[in-house]
Participant: 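Would you mind keeping the following structure in view while I ask a few things?
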Amino acid sequence: MLARQGDMTKARSMLIRAAVAEPYNKIVWREIRAWALINNTAFNVVYLPIPLVRRMVPSSPPTGFRPAPQLLSAWRTYHAVIADWRKGGRFEKQFPQETVYRHSLPEESDALTAAPGSCKRSSKMRRALNC
């Protein structure tokens, strides 16, 4: 409806919110592709696997996805934030009405925000990634 009215900025924002709320809904992704086509914008879906902590240990055998060595601290930071939410009590503070832990959008947002922060703290990583 917003696209029909010509308000492409609001339509884009609404579609992004829809994709976050329902990432597995094919209709949402169809509408995002339609928006991109109307606006002559390239749209590519990129799958970025999140490596498991045990796979990041240097002595482990090379199985599955392995991040670049300079990114290990960022992924360790990501997993540390997730662990803090899970076992450190942050989930209970954020969602006091919930009786059982569940992965949440605020938790994922915190973890994904903290990961690049470790890049900024590490001078070696800054040089490797030009951060």
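The model shown is predicted, which means the values in this text are computed figures rather than measured ones. Sequential numbering from 1 along the given sequence is applied to the chain's residues.
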Participant: Is it the case that the side chain of Thr113 and the backbone of Ser109 share a donor-acceptor pair, with hydrogens and angles ignored and the cut-off at 3.5 Å?
Facilitator: yes
Participant: Calculate, to the nearest 0.5 Å, the distance between atoms NE2 and CZ belonging to His79 and Arg86 respectively.
Facilitator: 10.0 Å
Participant: With the side chain counted from C-beta on, respond yes when Ser104 and Glu107 share a heavy-atom pair under 4.5 Å apart, and no when they do not.
Facilitator: yes
Participant: Using a 4.5 Å cut-off between side-chain heavy atoms of Ile, Leu, Val, Met, Phe, Trp and Tyr, which other residues end up in the same hydrophobic cluster as Ile27?
Facilitator: none
Participant: Who are the side chain to side chain contact (heavy atoms under 4.5 Å, CB included) partners of Ala36, not counting sequence neighbours?
Facilitator: Thr41, Phe43
Participant: For residues 17-24, run the donor-acceptor check on the side chains, cut-off 3.5 Å, and write out each pair with its distance to 0.1 Å, sequence neighbours left out.
Facilitator:
{"residue": "Glu22", "atom": "OE1", "partner": "Asn25", "partner atom": "ND2", "Å": "3.1"}

Participant: How would you list, by chain and number, every residue that makes a salt bridge (Lys or Arg N to Asp or Glu O under 4.0 Å) with Arg90, sequence neighbours excluded?
Facilitator: Asp84, Asp110
Participant: Testing the basics here: between Ile82 and Ala111, what is the closest heavy-atom pair and its distance to 0.1 Å?
Facilitator: CD1-CB, 3.8 Å
Participant: By salt bridge (Lys or Arg N to Asp or Glu O under 4.0 Å), which residues pair with Glu98, not counting sequence neighbours?
Facilitator: Arg102
Participant: What residues, two or more places apart in sequence or in another chain, satisfy side chain to side chain contact (heavy atoms under 4.5 Å, CB included) together with Leu15?
Facilitator: Glu31, Ile32, Trp35
Participant: Output the rest of the hydrophobic cluster of Phe95: all Ile, Leu, Val, Met, Phe, Trp and Tyr residues reachable through side-chain heavy-atom contacts under 4.5 Å, sorted by chain and number.
Facilitator: Val81, Trp85, Phe91, Tyr101
Participant: Check whether any side-chain N or O of Glu108 sits under 3.5 Å from a backbone N or O of Leu105 as a donor-acceptor pair, and report yes or no.
Facilitator: no
